[in-house]
There are 2 protein chains.
Amino acid sequence: MEPVGYIKPPDLDAVFAALADPTRRAILSRLASGEASVNEIAAPFEMSQPAVSKHLKVLEHAGLIERDTEKQRRPARLKAAPMADAVNWLEEFRTFWSSSFDQLDGLLEAIQNAETKGGVNE
Amino acid sequence: MEPVGYIKPPDLDAVFAALADPTRRAILSRLASGEASVNEIAAPFEMSQPAVSKHLKVLEHAGLIERDTEKQRRPARLKAAPMADAVNWLEEFRTFWSSSFDQLDGLLEAIQNAETKGGVNE
DNA sequence: ACTACATATAACCAATTAGTTATGGAACCA
DNA sequence: TGGTTCCATAACTAATTGGTTATATGTAGT
């Protein structure tokens, strides 16, 4: 049994890998407007139902969806929490893409990092 | 020649795939504290230099790093812009992970989405 | 009991990935 | 000139991925 208050560390490998496929991103977008059955999810895609079931399994494994079991349908519902983990990791780099950092071309970068003890870690 | 003002569409496939590997994320974190040569990057890892060169190629292809050429070194520097594209895509789902959306268990979700015309797309 | 439906699973396949070792080539040092 | 350092490339391999078709399973309808 897990200790009370246990929080599983975000599996960024699985989350980013799940997000790396356009079909899976489309599925997530679809689920943002409500849960859907496998066939409903599969309809827009030119691909077999088992292929979609596989994508759903990848998404579920990454914690990005949940499956229900009602009658013979197994609807999927969005679980966006792991996306927050992904964004949290990316946010550590915000400095580097905002405020036209590229123009400074790494000048401030060196200075700034010389006086911060910490760093960007996983 | 490209038209003036042309903006290449973000290749989310390549960006997310590049981020899906822990070695590559560690490399990006390393580069956040300044550019580094291939050997400097490779040092902390228990893996051959060619393996690291491959990772760098993946990161470069995703637009996440740039390579210089000075003397015989080929230092890599962080280019974080594609991370902003990734975050932008993820931000569309912020509603679903913030404000304890999970507790509501999809109740508000259905209502809210019934009255918004648009949706979350790629 | 038979049929249709919704989904999962198995077996297979081609392409990609992440690593390896071996080698090549350019730049520096003596 | 010869050796060393830095890096890239080639060739190979094992594992993973994303798809297929065929089949199995559970549920519902008649």
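Worth knowing before you read on, the calculation uses all heavy atoms, side chains too, and leaves out hydrogens, waters and symmetry mates. Just so it is clear: chains get the letters A, B, ... in the order the sequence lines come, proteins before strands, and each one is counted from 1.
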Practice task
Please determine if A:Arg74 and A:Asp68 form a salt bridge, counting it only when a charged side-chain N lies under 4.0 Å from a carboxylate O.
Solution key: no
Only pairs under 3.5 Å count here: list side-chain donor-acceptor contacts from residues 15-24 of chain B, not counting sequence neighbours, and write none if there are none.
| unit_1 | atom_1 | unit_2 | atom_2 | d |
| --- | --- | --- | --- | --- |
| B:Asp21 | OD1 | B:Thr23 | N | 2.8 |
| B:Asp21 | OD1 | B:Arg24 | N | 3.1 |
| B:Arg24 | NE | B:Ala18 | O | 2.8 |
| B:Arg24 | NH1 | B:His55 | ND1 | 3.2 |
| B:Arg24 | NH2 | B:Ala17 | O | 3.2 |

Practice task
For residues 36-57 of chain A, pull every pair meeting salt bridge (Lys or Arg N to Asp or Glu O under 4.0 Å), keeping only residues two or more places apart or in separate chains.
Solution key: A:Glu40-A:Arg73
Problem - For the student: nearest non-hydrogen atoms of B:Pro82 and B:Leu64, plus distance - result: CB-CD2, 4.0 Å
Fill in the blank from the handout: Rounded to whole Å, CD of A:Glu70 lies from C1' of D:dT27 at a distance of 13 Å
Handout entry: Whole-Å distance separating the NZ atom of A:Lys71 from the C1' atom of C:dA4
Key = 14 Å
Fill in the blank from the handout: In B/S/- notation (B base, S sugar-phosphate only, - none; protein heavy atoms under 4.0 Å), nucleotides 2-20 of chain D written 5' to 3' is ----SBBB-B------BBB
Problem - Distance-minimising heavy-atom pair for A:Phe45 and A:Ala26 - result: CZ-CB, 3.7 Å
